[in-house]
Amino acid sequence: MSDVTPQTTGAGQGDDWSLFRNRQVPQMVRLDVALEHGAYQGLKKALAEYTPEQVTQIVIDASLLGRGGAGFPAGRKWSFIPKAPGQKYLTVNADESEPGTFSNRELMETDPHQLIEGIALCCYAVGISQAFIYIRGEYVYAADQLDRAIAEARAGGYLGPNILGSDYSLEVFVFRGAGAYICGEESALLESIEGNRPMPRSRPPFPAVVGLYGRPTVINNVETICNVPRIVFKGADWYKTLGTPTSPGTKVYSISGHVRRPGNYELPLGTTLRELIYEHAGGVPGDRAVKAVLPSGAAAPWIPGDQLDLPLDYDNPKKVGTILGSASVIVMDETVSIPHATLRLTEFFRHESCGKCTPCREGTMWLEKTMERICAGEGVPGDLDLLIDVCSKINGRVLCALGDFAVSPIQSSLKFFRHEYEALIPGLAPVREPELVAADK
Amino acid sequence: MPLAPDTIAEIERIRAALPNTRSALLPALKAAQREQGWLPRETMAEVAERLDLDPNAAYMLATFYTMLHTEPVGHYHLEVCRSLPCYLLGCDAVIEALKERLGVELGEVSADGLFSVQIGECLGDCPHAPMMRVNDDYVGPLAPDTIGELLEILRARAGERVRGLAADPADGPPPNEGPLHYSNAIDARPLSTVRE
Ligand SMILES: Cc1cc2nc3c(=O)[nH]c(=O)nc-3n(C[C@H](O)[C@H](O)[C@H](O)COP(=O)(O)O)c2cc1C
Ligand code: FES
């Protein structure tokens, strides 16, 4: 189906246009090395042949869907930015703090110029002269790579004033965060750059109209932007030969948990969960059975282990009540205690709730307390109904999706594994036959 | 302790590179912490004052972000990941082993001032689970029975280059040694592990 394979080395060679084509090339941060491996070809082509509107149109035609979670079409997002002159911004979302997500990190560490070229193309298309990369503070190495690559790109005329002799100018600033999951939420991210406590804004107005410093702002994920150079260079028709008709292109799937070869695998969209787990990630250690899979880190509803033939694209997961999200797949084998694993996720959301809206702040606290006592064997029979009730009072009543994310592990684990909770709650645990209890001893 | 001239120069550089002074606050606090190890109140106030901001603006950020420290930390600050992928691979036993070896509770500094331990959420290095952050570097996979040896190596290296503190080279982590695996080393590409 595609000419893209994840493990390729040596690049710009032949038909290899995977995002990771240069991941094994040493010193890709250096401009000379990057140029040798095909960097900035898309930018050169755009400046020579296309108007900004044409670049946006190519990205629209390619149906590039946002890779940060929501899957919103990138070209359409760009087209919402008012055409009137005046300051506008791009902020690239490199906060990447969803548990199980590590694809942006490897894209930035191994091929920083690919991201910079994508930024230059987006900014050319939208008419932006100042871009930010908002990178989580823990990614020191990736941020250092970006700073160095930006300096070299600027010295080489690929950034800065009058790029490649044109009248188009662009500055890029790497803004380093300091440890807060909420900063990945786009409006909290803007607050963080503005030097405020990073709490989400209520919308409307949307960032395309009132964004950073009150100006129209594009916000895209790292992987979304990394796709732009090859789309512009190779064209929308080429791009649509990858993936499925409604989810074109490749996705970097991050897979972790109980697999033999955890890591990033760039595969055509629509690859099944089974292929990802068994062919690419080497299957489950000890050949144990898969109990459940989290398709998008902590945030999205789960997929039970008997539904591994699900194609991972933007449509099919919706049919089973979940989403592709950031495609950070966490695999749990049959040895896992589902309530305990769920508690880990609930603790995460309670810790990361920014505290701005009451249902999320108070709700995640009560979810955690209830889950804790269930896991400690101190639950009471009404606790499962209580969990469901608290979830329903958070879901949809919050300013950003963090609260909605927080309820999904509880709701889906209760849907598929309710018996595991019941077994932990005195009074709900199935009464066992005396001879079975005796046999255990 | 007033900020060193290098730190002040760095803050001015950041301020000049950003469209808005308040945006320089977070990077400036990080620069101050890099120099002083943590953020005493006077330091926060000095940073805010340099940027013509209320000290409260600095305090508001310092108390929100996990990477900003309002209490002293060790020469090596260890942030051990506890999120689900690391949990599935046994991070809880690693955290217990660390606390026991160092004789500290979470948030405390070891008696020799060398180590502090904090738990953190997913650091984006799950292929190397269970893992931790050691100042600016990532170390993993970890195991409870090699933690002691790993701490000994760090202790022996405390006088050498340690990233994440003042005057450190920015060109990647120091070399691997024994059970000390820096997973953000350039030779750790691609980002993956093989497990059985
Ligand atoms: C709590 C929360 C955390 C998020 N974290 C990230 C993140 O780390 N990276 C990211 O790209 N998007 C994240 N998002 C989604 C962003 O808000 C936004 O939709 C995305 O960056 C848009 O980029 P895209 O259209 O290219 O996908 C998060 C959303 C929420 C609600
Ligand atoms: S869960 Fe520990 S690094 Fe991701």
| Pick from A:P99, A:A142, A:A180, A:C354 with the largest number of heavy-atom pairs that fall under 4.5 Å of chain B | A:P99
| message | If you count heavy-atom pairs within less than 4.5 Å of chain A, which of B:M60, B:K30, B:M67 leads? | response | B:M67
| Between A:P198 and B:F64, what is the shortest heavy-atom contact and its length? | CG-CE2, 3.3 Å
| Where do B:D92 and A:R344 land on the side chain to side chain contact (heavy atoms under 4.5 Å, CB included) test, with the steps shown first? | CA-CA 11 Å; B:D92 287 6; A:R344 231 358 103 109; 2.7 Å; yes
| said: Please rank A:A178, A:S103, A:G195 by heavy-atom pairs under 4.5 Å with chain B and give me the top one. | reply: A:A178
| Is there side-chain contact between A:T101 and B:C122, with heavy atoms separated by less than 4.5 Å? | no
| A:I193, part contacting chain B, at a heavy-atom distance under 4.5 Å | both
| remark: With chain B, the option among A:F175, A:Y213, A:Y181 that has the most non-hydrogen atom pairs under 4.5 Å is A:Y213
| query | At a heavy-atom separation under 4.5 Å, does A:N196 approach chain B through its side chain, its backbone, both, or neither? | reply | both
| remark: Ranked by heavy-atom pairs below 4.5 Å to chain B, first place among A:R136, A:Q87, A:E98 goes to A:R136
| request: Over all heavy atoms of both residues, which pair between B:L18 and A:F132 is shortest? Give the atoms and the distance, please. | output: CD2-CE2, 3.6 Å
| message | On a heavy-atom basis, which atom in A:Y139 and which in B:G124 lie closest, and how many Å separate them? | response | OH-CA, 3.5 Å
| query | Can you tell which of A:G282, A:G177, A:A298 has the highest number of heavy-atom pairs within less than 4.5 Å of chain B? | reply | A:G177
| So which heavy atom on A:V331 is nearest to which on B:L88, and how close? | O-CD1, 3.7 Å
| A:F348 versus B:S83, closest heavy-atom pair with distance | CD1-OG, 4.2 Å
| task | Check whether A:S192 gets within reach of chain B through its side chain, its backbone, both or neither, counting any heavy atom under 4.5 Å. | result | both
| task | Take B:Y138 and A:R105, measure what side chain to side chain contact (heavy atoms under 4.5 Å, CB included) needs, and give me the verdict at the end. | result | CA-CA 13 Å; B:Y138 282 6; A:R105 176 180 159 213; 3.9 Å; yes
| field | Reported CG-to-OH distance for the pair A:L343 and B:Y87, which is rounded to 0.5 angstrom | value | 8.0 Å
| Which of B:L51, B:L68, B:L84 touches chain A most, by non-hydrogen pairs under 4.5 Å | B:L84
| query | Side chain, backbone, both or neither: which part of A:H351 has a non-hydrogen atom closer than 4.5 Å to chain B? | reply | side chain
| field | Contacting moiety of A:E96, where chain B heavy atoms sit under 4.5 Å | value | neither
| request: Give the member of A:S97, A:G283, A:G263 that has the highest number of heavy-atom pairs under 4.5 Å with chain B. | output: A:G263
| query | Hey, what do you get for CD (A:E138) to CG (B:D136), rounding to the nearest 0.5 Å? | reply | 10.5 Å
